[in-house]
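A short write-up of the structure that comes next.
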There are 2 protein chains.
Amino acid sequence: MNKKYKNALFTLQNAGLSKTPQRIAVLTSLLEATTPLSVRDISQTLAAKARIDRVTIYRILSLFKQHGIAREIASSGGTNYFEMASLENPVHPHFNCRNCGELSCMEPLTFSQSRQLISSQEDYSVDHIEINISGLCAVCRNATKLQKQQNKQV
Amino acid sequence: MNKKYKNALFTLQNAGLSKTPQRIAVLTSLLEATTPLSVRDISQTLAAKARIDRVTIYRILSLFKQHGIAREIASSGGTNYFEMASLENPVHPHFNCRNCGELSCMEPLTFSQSRQLISSQEDYSVDHIEINISGLCAVCRNATKLQKQQNKQV
DNA sequence: TAATTGTTGCAACTCTGTTGCATTATTGAT
DNA sequence: ATCAATAATGCAACAGAGTTGCAACAATTA
């Protein structure tokens, strides 16, 4: 879609990143996707259009994460998934089917709301709910603070 | 601890699983742990006491999961972690430090409660909250139902 | 004791993700 | 538009997680 392409250009421009064909292609994939994508998904999708190395995709996604453009989702299958991180696409729960492996997005409700929603739907069968929070633990946070102070003194 | 050992024996007995030294060792590790353990953690812990192959640990943990004895936690680092799944240790959020990588357990509150708790604590610095729900999606659930019906007819 | 079944260890493999380095593309100044 | 400086890409090689097949071993039963 031309609209997604323009959106991709604008997003890169806005983040101050250079607009290479590879970055535009990866970003367009994420914008067009209805579910989070793995590196493999992106690689296969783009294989027909252009030749992009696996490594390049990893590096681009890492860059997007740093700039708050994309979000990473861990899955127990050992593969990580990526989705757009924007105001239109706020943080939301994900559903991982243990049978087909597909990762889909759920409505951005609170945890308790989501839980109620799922249990009230006949369609889904829930095995397990996982809440993972990432950041800095107390020890590392203090260590970081200390480092900053020392740097100021030097 | 002798108590943990007895607990391990009881748990295996209760699940109808044979009480092999390897299973007892892995189960004891999980019972003694204060944080979820990776296969590597377990392997290193048990290396001094007994020689257990990596593969055996994977198989035992897979078995424990099937019997509801253990629970698996995905992490974005590519490594999965395991913890006891019991009434004394209900499902709870986990905190993953992006600096030291340690995975720790949080109080088993609801998501909104946890979020408030974290943001009120000066110690933690939260980057990202992930809610992953696993089970069967609508398509796979219907497919499974259909299979069961067909099996009955045959 | 022999046969059957279940469990483990070993080797080899797949897949995800990373790193170093040479090559190529992008950007900004002329 | 051209060219140099810089940034980004592709390739090869690697490390680690997790899996599979198979032979050896242990436990159980007849």
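Quick note on labels: first sequence line is chain A, next is B, and so on, each numbered from 1. Keep in mind it's a predicted model, so treat the numbers as computed, not measured. We use all heavy atoms of the structure for the numbers below, so side chains are in, but hydrogens, waters and symmetry mates are not.
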Could you walk me through whether A:Ile69 and A:Met84 pass the side-chain contact (heavy atoms from CB on, under 4.5 Å) check?
-> CA-CA 6 Å; A:Ile69 296 172; A:Met84 287 301 295; 4.0 Å; yes

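- Listed by residue number, the members of residues 7-23 of chain B with any heavy atom below 4.0 angstrom from DNA chain C are B:Ser18, B:Thr20, B:Gln22, B:Arg23.
- For DNA chain D, the contact window with chain B, defined by any atom under 4.0 Å from a protein heavy atom, covers D:dA17 to D:dG21 in 5' to 3' order.
- Once rounded to the nearest 0.5 Å, the distance linking NZ of B:Lys19 with CZ of B:Phe10 reads 11.0 Å.
- Criterion: ILVMFWY side-chain heavy atoms under 4.5 Å apart, direct or through other members. Under it, A:Phe95 and B:Ile73 are not part of a common hydrophobic cluster.
- Sequence neighbours left out, the pairs with a member in residues 37-46 of chain A that pass side chain to side chain donor-acceptor pair (under 3.5 Å) are A:Ser38-A:Asp41.
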Yes or no on side-chain contact (heavy atoms from CB on, under 4.5 Å) for B:Thr35 and B:Leu103, after CA distance, side-chain angles and deciding distance?
-> CA-CA 7 Å; B:Thr35 61; B:Leu103 191 71; 5.8 Å; no

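- Sorted by residue number, the members of residues 53-73 of chain A with any non-hydrogen atom under 4.0 Å from DNA chain C read A:Arg54, A:Val55, A:Tyr58, A:Arg59.
- Going from atom CD1 of A:Ile42 over to atom C1' of C:dT16 covers 14 Å, rounded to whole Å.
- Between the OG atom in A:Ser29 and the NZ atom in A:Lys4 there is a gap of 11.5 Å [rounded to 0.5 Å].
- A:Thr34 pairs by the side-chain contact (heavy atoms from CB on, under 4.5 Å) definition with nothing, not counting sequence neighbours.
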Only distances under 3.5 Å count here; give the side-chain donor-acceptor pairs of residues 54-68 of chain A to other protein atoms, sequence neighbours excluded, each with its distance to 0.1 Å.
from, atom 1, to, atom 2, distance (Å)
A:Lys65, NZ, A:Glu72, OE1, 2.4
A:His67, ND1, A:Leu63, O, 3.0

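- Distance check, rounded to the nearest 0.5 Å: CD1 of A:Ile24 to OG1 of A:Thr11 gives 11.0 Å.
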For the pair B:His94 and B:Ser75, evaluate side-chain contact (heavy atoms from CB on, under 4.5 Å) and give the outcome as yes or no after the intermediate values.
-> CA-CA 10 Å; B:His94 291 95; B:Ser75 96; over 6 Å; no

